[in-house]
Amino acid sequence: PYQHYLAGDKYECNGILSGSALSMHKAFTNLVHRVGLDRSEAIRMCSLYPARVLLMDDHYGKIAPGYAAKFLVLDDQFRIVKTII
């Protein structure tokens, strides 16, 4: 049995932080609204840079021919309008 439970925006086990429940979408909005980053850099931080770390940037992390089309369409308030897979 999984002993970790969701407590708000994090996972805990016996009252101790054991992980985050932060989505990449929420991370993006935090980077723009709370940190003050430009949207284009926040997008790279949530797509291209993780793909590079995972050595998957030849198929993921940007919109280009031959790359996997997995991304969110957001409105002006960064609400999810559509998911494209």
Side-chain angles (χ1 to χ4, degrees):
Y2 191 72
Q3 307 210 0
H4 306 266
Y5 60 91
L6 185 61
D9 62 348
K10 62 190 177 301
Y11 283 91
E12 294 182 357
C13 179
N14 298 323
I16 299 171
L17 176 67
S18 62
S20 175
L22 181 70
S23 69
M24 193 60 80
H25 173 247
K26 183 64 176 171
F28 169 76
T29 59
N30 286 347
L31 287 168
V32 175
H33 292 301
R34 293 182 180 216
V35 178
L37 287 181
D38 180 71
R39 282 184 276 182
S40 60
E41 179 61 13
I43 289 169
R44 285 189 296 274
M45 290 179 76
C46 293
S47 58
L48 180 60
Y49 302 158
R52 283 182 181 163
V53 169
L54 295 171
L55 303 176
M56 299 174 74
D57 58 320
D58 57 341
H59 289 96
Y60 296 96
K62 57 180 146 179
I63 300 171
Y67 281 70
K70 297 181 179 183
F71 52 93
L72 301 176
V73 177
L74 306 176
D75 66 13
D76 291 338
Q77 284 75 46
F78 302 137
R79 292 178 299 225
I80 299 171
V81 174
K82 186 175 187 177
T83 302
I84 300 175
I85 297 176

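Here the side chain of Asn14 pairs no donor or acceptor atom with the backbone of Ile16 at under 3.5 angstrom. The closest donor-acceptor contact from the side chain of Tyr49 to the backbone of Gly61 lies at 3.5 Å or more, if one exists at all.
Interatomic distance, CG of Asn30 versus NE2 of His25, reported as 10.0 Å (0.5 Å rounding). Expressed to the nearest 0.5 Å, how far CG of Leu37 lies from CE of Met45 amounts to 5.5 Å. Annotation: the span from Tyr60 atom OH to Leu48 atom CG amounts to 14.5 Å, rounded to 0.5 Å. Rounding to the nearest 0.5 angstrom, the gap separating the CD atom in Glu12 from the CG atom in Leu17 is 7.0 Å.
The minimum heavy-atom distance linking Arg44 with Pro50 is given by the pair O-CD, 3.9 Å. Smallest separation of non-hydrogen atoms from His59 and Gly66: CD2-O, 4.1 Å. In this structure, Cys13 and His4 approach most closely via the heavy-atom pair CB-ND1, 3.3 Å. Heavy atoms only, all atoms of each residue included: Ala42 and Leu31 are closest at CB-CB, 3.9 Å.
For the ring pair (Phe, Tyr, Trp, His ring centres under 6.0 Å) test, no residue two or more places apart in sequence or in another chain qualifies with Tyr11.
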Could you list the donor-acceptor pairs under 3.5 angstrom formed by side chains in residues 71-80, with sequence neighbours left out?
from: Asp75; atom 1: OD1; to: Gln77; atom 2: N; distance (Å): 2.9
from: Asp75; atom 1: OD1; to: Phe78; atom 2: N; distance (Å): 3.0
from: Asp75; atom 1: OD1; to: Arg79; atom 2: N; distance (Å): 2.8
from: Asp75; atom 1: OD2; to: Arg79; atom 2: NE; distance (Å): 2.8
from: Asp75; atom 1: OD2; to: Arg79; atom 2: NH2; distance (Å): 3.0
from: Gln77; atom 1: OE1; to: Arg79; atom 2: NH2; distance (Å): 3.1

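Placement of Val81 and Ile84 within a single hydrophobic cluster is found when ILVMFWY residues are connected by side-chain heavy-atom separations under 4.5 Å, directly or transitively.
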From CA spacing to verdict: side-chain contact (heavy atoms from CB on, under 4.5 Å), Val32, Phe28: CA-CA 6 Å; Val32 175; Phe28 169 76; 4.0 Å; yes
